[in-house]
Engineer: 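Structure incoming, see below.
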Amino acid sequence: MNLVLFGSPGSGKGTQAKILQERRGLPQLSTGDMLRAAITAGTELGKRCKAIMDSGDLVPDEVVVGIIAERYDQPDCANGAVFDGFPRTIPQAEALDAMLKNRGRKIDLVIELKVDDAVLLQRVEQRIKESGGVARADDTPETLKNRLAVYYKNTAPLLEYYKKQGKLATVDGMAPIGDVTAAIATVLEKAE
Ligand code: ADP
């Protein structure tokens, strides 16, 4: 099964993707994690992306499409994967559909975690406090505002894209983590 976890920054995609990975054996493919790993490793790609990510803008589509295709061809994705933070633009979604089609596969379901903007801001403030000063460079209230603006402009249109394909399911991302996990499980059972 190939799933997309969809939602605004801080909506809890990463948390739920990790749980799906543990419980269903579907690898979490997080472009944000992959890009941060490239920055930490000091690769050319990481150097190209750091300033863009720190500002909360999107890195170029071809960069993330390339790293996803490479990652998806690893043997652990034989039974599918959970895409987390990808796709984030219509061209990325089209590239993902094409990539899967080439491999005789498809996106089965897109699960949207719906969270109000005010709650997102609170979550980021909490994450900054808990990190004790070593927060992600893009975890500041100012950058979050830009990440949200980018989300509404570039990423939210994907909701319509997947709705048209009949693949969109929405769960309340403001419920406690365990309740969100249970809501996702219910959606998956219905789809199976
Ligand atoms: P969050 O969902 O918390 O905003 P991510 O870890 O998914 O954070 O992404 C962090 C940053 O990495 C984004 O703000 C963006 O700069 C870059 N990034 C991650 N995924 C993509 C993507 N699919 N397309 C373009 N940029 C991306």
Side-chain angles (χ1 to χ4, degrees), residues 1-17 20 26 28-36 48-49 51-69 71-72 80-103 105-121 123-124 136 138-175 180 183-184 187-188 190-191:
M1 177 163 357
N2 291 287
L3 298 175
V4 173
L5 276 186
F6 191 89
S8 46
S11 58
K13 301 183 296 281
T15 303
Q16 297 299 331
L20 284 168
L26 292 174
Q28 172 197 17
L29 268 47
S30 159
T31 41
D33 285 351
M34 293 176 205
L35 293 169
R36 280 187 289 276
R48 257 180 79 196
C49 295
I52 302 175
M53 288 175 67
D54 286 355
S55 70
D57 289 335
L58 296 180
V59 308
D61 288 335
E62 63 271 19
V63 169
V64 281
V65 168
I67 59 175
I68 278 286
R71 178 65 188 84
Y72 190 77
V82 179
F83 296 92
D84 161 13
F86 179 90
R88 259 176 156 93
T89 65
I90 297 274
Q92 287 180 24
E94 289 170 347
L96 177 61
D97 280 348
M99 178 196 90
L100 291 172
K101 199 167 174 205
N102 274 334
R103 290 157 176 78
R105 300 197 181 181
K106 62 176 171 52
I107 290 296
D108 296 290
L109 201 62
V110 177
I111 302 175
E112 179 199 10
L113 305 181
K114 214 176 166 65
V115 177
D116 292 345
D117 291 358
V119 175
L120 297 173
L121 271 164
R123 284 184 180 179
V124 169
R136 268 169 48 178
D138 62 349
D139 259 353
T140 66
E142 299 73 44
T143 310
L144 180 67
K145 281 191 193 121
N146 186 39
R147 281 155 66 201
L148 274 179
V150 169
Y151 170 78
Y152 284 115
K153 178 163 182 275
N154 300 103
T155 308
L158 286 175
L159 289 169
E160 198 50 41
Y161 178 89
Y162 285 119
K163 205 170 171 184
K164 274 196 197 135
Q165 294 190 0
K167 291 178 180 169
L168 183 68
T170 299
V171 305
D172 175 12
M174 290 179 288
V180 177
I184 291 174
V187 164
L188 290 176
K190 273 192 212 145

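Everything numeric in this text was worked out from a predicted model, so none of it was measured.
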Engineer: With sequence neighbours excluded, what pairs up with Ala95 under the side chain to side chain contact (heavy atoms under 4.5 Å, CB included) test?
Structural biologist: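 Val65.
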Engineer: Can you measure from CD (Gln28) to CG (Asp84) and round to the nearest 0.5 angstrom?
Structural biologist: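 With rounding to 0.5 Å, CD (Gln28) is 5.0 Å from CG (Asp84).
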Engineer: Please check this pair: side chain of Arg123 against backbone of Gly10, looking for a donor-acceptor N/O pair closer than 3.5 Å.
Structural biologist: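 It does hold such a pair.
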Engineer: Under 4.5 Å between any side-chain heavy atoms of Glu142 and Lys145, yes or no?
Structural biologist: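 A side-chain contact under 4.5 Å is absent here.
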Engineer: Hey, what do you get for CG (Leu35) to CG (Asp33), rounding to the nearest 0.5 Å?
Structural biologist: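 Spacing of CG (Leu35) from CG (Asp33) equals 9.0 Å.
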Engineer: Under 4.5 Å between any side-chain heavy atoms of Pro60 and Ile52, yes or no?
Structural biologist: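 With C-beta onward as the side chain, the pair touches.
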Engineer: Report yes if the side chains of Asp139 and Leu144 come closer than 4.5 Å at any heavy-atom pair, otherwise no.
Structural biologist: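 Asp139 does not reach Leu144 side chain to side chain.
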Engineer: What are the two closest heavy atoms between Met174 and Asp116, and how far apart are they?
Structural biologist: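 Closest heavy-atom pair between Met174 and Asp116: SD-N, 3.5 Å.
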Engineer: Search all heavy atoms of Val180 against all heavy atoms of Ala175 and return the closest pair with its distance.
Structural biologist: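 Of all heavy-atom pairs spanning Val180 and Ala175, the closest is CG2-O, 3.4 Å.
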Engineer: What distance separates Met53 CE from Arg147 CZ, expressed to the nearest 0.5 Å?
Structural biologist: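 Met53 CE to Arg147 CZ: 9.0 Å, rounded to 0.5 Å.
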Engineer: Taking the side chain as everything from C-beta on, heavy atoms only, tell me whether Val63 gets closer than 4.5 Å to Thr31.
Structural biologist: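 No, too far: nothing below the 4.5 Å cut-off.
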Engineer: Restricting to non-hydrogen atoms, name the atom on Pro87 and the atom on Leu158 that form the minimum distance, rounded to 0.1 Å.
Structural biologist: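 Where Pro87 meets Leu158 most closely, the heavy atoms are O-CD1, 3.4 Å.
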Engineer: Regarding Ser11 and Ser8, is there a side-chain donor-to-acceptor distance under 3.5 Å anywhere?
Structural biologist: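 No.
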Engineer: Determine yes or no for a side-chain-to-main-chain donor-acceptor pair under 3.5 angstrom, with Lys13 supplying the side chain and Gly7 the backbone.
Structural biologist: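 Here the side-chain-to-backbone pair exists.
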Engineer: Let me confirm one number: the CG-CZ distance from Leu159 to Phe6, rounded to the nearest 0.5 Å.
Structural biologist: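 Reported to 0.5 Å precision, the distance equals 4.0 Å.
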Engineer: Could you tell me whether a side-chain N or O of Asp108 sits under 3.5 Å from a main-chain N or O of Asn2, the two making a donor and an acceptor?
Structural biologist: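 Indeed, once roles are kept as given, a pair shorter than 3.5 Å links the two residues.
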Engineer: Test side chain to side chain contact (heavy atoms under 4.5 Å, CB included) on Ile68 and Met34; report intermediate values, then the result.
Structural biologist: CA-CA 9 Å; Ile68 278 286; Met34 293 176 205; 4.3 Å; yes
Engineer: Enumerate the side-chain hydrogen bond (donor to acceptor under 3.5 Å, both in side chains) contacts for residues 150-159, please, sequence neighbours excluded, ordered by first and then second residue.
Structural biologist: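 Passing the test, one end in residues 150-159: Asp117-Tyr152.
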Engineer: Less than 4.5 Å apart, side chain to side chain, heavy atoms only: is that true for Val64 and Leu58?
Structural biologist: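 Sidechains of Leu58 and Val64: no contact.
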Engineer: Heavy atoms, side chains only, cut-off 4.5 Å: are Phe83 and Ile107 in contact?
Structural biologist: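 The answer is yes, as the side chains (C-beta and beyond) meet within the 4.5 Å cut-off.
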Engineer: Side chains of Leu20 and Leu188, heavy atoms from C-beta outward: is any pair under 4.5 Å?
Structural biologist: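 With C-beta onward as the side chain, the pair touches.
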Engineer: Using side-chain hydrogen bond (donor to acceptor under 3.5 Å, both in side chains) as the criterion, list what pairs up with Thr170, not counting sequence neighbours.
Structural biologist: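 Glu112.
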Engineer: So, for Leu26 and Ala81, which heavy atoms are closest and what is the spacing to 0.1 Å?
Structural biologist: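 Looking at all heavy atoms of both residues, the closest pair is CD2-N, 4.0 Å.
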Engineer: OH/Tyr72 to CG/Leu29 distance, rounded to the nearest 0.5 angstrom?
Structural biologist: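 Result: 8.5 Å between the selected atoms.
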Engineer: Over all heavy atoms of both residues, which pair between Asp61 and Pro91 is shortest? Give the atoms and the distance, please.
Structural biologist: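 Nearest heavy atoms, Asp61 then Pro91: OD2-CB, 3.4 Å.
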Engineer: Nearest 0.5 Å, what's the CD-CE distance between Glu94 and Met99?
Structural biologist: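 The CD atom of Glu94 sits 14.5 Å away from the CE atom of Met99.
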Engineer: Apply side-chain hydrogen bond (donor to acceptor under 3.5 Å, both in side chains) to Gln165 and list each qualifying residue two or more places apart in sequence or on a separate chain.
Structural biologist: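 So Gln165 forms a side-chain hydrogen bond (donor to acceptor under 3.5 Å, both in side chains) with Asp97, Lys167.
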Engineer: Who pairs with Arg48 by side-chain hydrogen bond (donor to acceptor under 3.5 Å, both in side chains), at least two apart in sequence or on another chain?
Structural biologist: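 Testing Arg48 for side-chain hydrogen bond (donor to acceptor under 3.5 Å, both in side chains), a comparison that skips the adjacent residues, returns none.
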Engineer: Would you mind reporting whether Leu120 and Val115 have side-chain heavy atoms less than 4.5 Å apart?
Structural biologist: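 In short, these two side chains touch, coming nearer than 4.5 Å.
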Engineer: Which residues satisfy the side-chain hydrogen bond (donor to acceptor under 3.5 Å, both in side chains) test with Asn146, sequence neighbours excluded?
Structural biologist: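 Here the qualifying residues are Asp57.
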Engineer: Can a donor-acceptor pair be found, under 3.5 Å and without considering hydrogens, that links the side chain of Gln16 to the backbone of Gly12?
Structural biologist: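 It does not hold such a pair.
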